[in-house]
Amino acid sequence: MRVAVISDIHANRQALEAVLSAVDAIGADELWCLGDLVGYGADPNDCVQLVREHASVCLAGNHDLAVTGDLRLDDFSRGAALAARWTLDVIGDSELKWLSSLPSEATAEEVGLFHGSPRDPVWEYVISTLLADLCFDTMRTRIGLIGHSHVALAFHRTETELATGDARRIGDSVDASSDRWLLNPGSVGQPRDGDPRAAWLLLDTESSVVTWQRTEYDIAGAAAAIRAARLPDSLADRLQYGQ
Ligand code: ZN
């Protein structure tokens with residue numbers, strides 16, 4: 001089975017629609033979403049509806065849990081807390097209810113799915129090999145999918161060596177059929193690795209080959225929607241830089 005893995009959509013409808021078209025064009029069998037459907041961007045309802053319609057597995061991320069009231073806004077940056085309050089004002093009842101029903105971790109096809117990390121599915125950012133090692137110690141599956149950092153990454157650990165990790169670019173691919181792996185698709189709606197295109201990955205669950213993907217989208221449209229919603233300008237500006 002070929003699975004498209006997405007994460008960190010952040011209410012960016014333009015980016016999500018472009019990725020869903022690309023996923024459709026490539027002929028993926030399933031869509032898995034690692035959370036943070038809302039927060040930062042201007043179209044939370046559309047994004048929740050699209051993911052709900054297309055994804056067979058979906059997690060809640062920290063920004064989703066801020067809106068559902070499961071996390072305190074004090075723990076978020078000023079911009080993120082503002083965006084969460086704005087989202088709560090505009091989100092529909094059924095969208096909010098569905099977000100509230102999502103788990104923060106799951107297992108599918110013997111692959112572990114976590115928004116943040118296997119140690120702390122909600123909050124931990126796995127952006128160092130030191131942390132990746134601690135996660136491999138905790139994780140029960142051989143392969144794990146993580147989001148949250150908005151950086152496309154792969155961490156790898158063999159039987160005998162400590163974890164290594166690298167950022168991943170468009171077209172990069174790994175054969176994850178042996179050893180242990182933690183894979184991050186990057187962010188659909190707010191990439192922070194210098195490439196402004198929407199990030200996702202394709203996983204073949206039979207061969208365990210993984211390929212990182214990037215999809216162009218209407219960045220100006222997403223930025224204009226953020227400004228029109230009177231969300232902080234910085235949230236609109238950063239999209240064109242992928243930061
Ligand atoms: Zn996020």
Side-chain angles (χ1 to χ4, degrees), residues 4-16 19 31-44 46-48 50-51 55 57-68 70-73 75-88 91 95 99 102-106 113-127 131 135 144-153 167-168 182-201 212 214-215 217 219 222-223 226 231-232 234-239 241-243:
V5 182
I6 61 172
S7 191
D8 300 280
I9 293 98
H10 287 296
N12 186 333
R13 177 176 56 80
Q14 287 80 357
L16 179 59
V19 168
L31 180 76
W32 297 350
C33 175
L34 307 177
D36 275 2
L37 285 73
V38 303
Y40 299 136
D43 290 304
D46 290 346
C47 289
V48 169
L50 283 168
V51 173
V57 186
C58 184
L59 306 180
N62 55 313
H63 290 260
D64 304 316
L65 296 171
V67 172
T68 60
D70 289 281
L71 290 179
R72 286 154 25 106
L73 292 183
D75 294 331
F76 287 80
S77 69
R78 194 177 154 274
L82 257 166
R85 273 190 208 98
W86 178 88
T87 304
L88 194 51
I91 198 157
E95 286 77 12
L99 280 183
L102 301 176
S104 285
E105 57 181 293
L113 280 68
F114 313 90
H115 177 66
S117 91
R119 300 199 314 159
D120 178 348
V122 174
W123 273 118
E124 187 167 70
Y125 292 90
V126 187
I127 43 173
L131 271 174
C135 290
L145 296 167
I146 53 173
H148 192 46
S149 70
H150 299 207
V151 178
L153 290 165
R168 296 292 170 166
L182 270 171
L183 308 162
N184 190 324
S187 167
V188 169
Q190 197 194 79
R192 292 180 193 160
D193 53 8
D195 183 342
R197 292 173 292 184
W200 55 288
L201 66 72
W212 280 265
R214 292 312 265 242
T215 301
Y217 76 96
I219 293 177
I226 288 173
L231 285 158
S234 58
L235 297 176
D237 295 339
R238 65 190 304 174
L239 295 180
Y241 305 111
Q243 292 296 341

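None of these values were measured; they are calculated from a predicted model. Whatever order the structure lists them in is the order used to number ligands and atoms, beginning at 1. All residue numbers in this chain count up from 1 along the given sequence.
Taking the N/O/S atoms of His150 in turn, the shortest distance to the Zn ion (ligand 1) belongs to NE2. Asp36 contributes atom OD2 as its closest N/O/S atom to the Zn ion (ligand 1). Of all the N, O or S atoms in Asp8, the one closest to the Zn ion (ligand 1) is OD1.
Not one N/O/S atom of His63, from backbone or side chain, sits under 2.8 Å from the Zn ion (ligand 1).
When Asn62, Val188, Ile9, Leu59 are each tested for a side chain to side chain contact (heavy atoms under 4.5 Å, CB included) with Asp36, only one passes: Asn62.
In this structure, NE2 on His115 lies 12.0 Å from CD on Glu124, to the nearest 0.5 angstrom.
Proximity of Leu183 to Ile146: side-chain heavy atoms (C-beta onward) are nowhere separated by under 4.5 Å.
Inspection of the Ser149 and Asn184 side chains reveals an N or O donor paired with an N or O acceptor under 3.5 Å.
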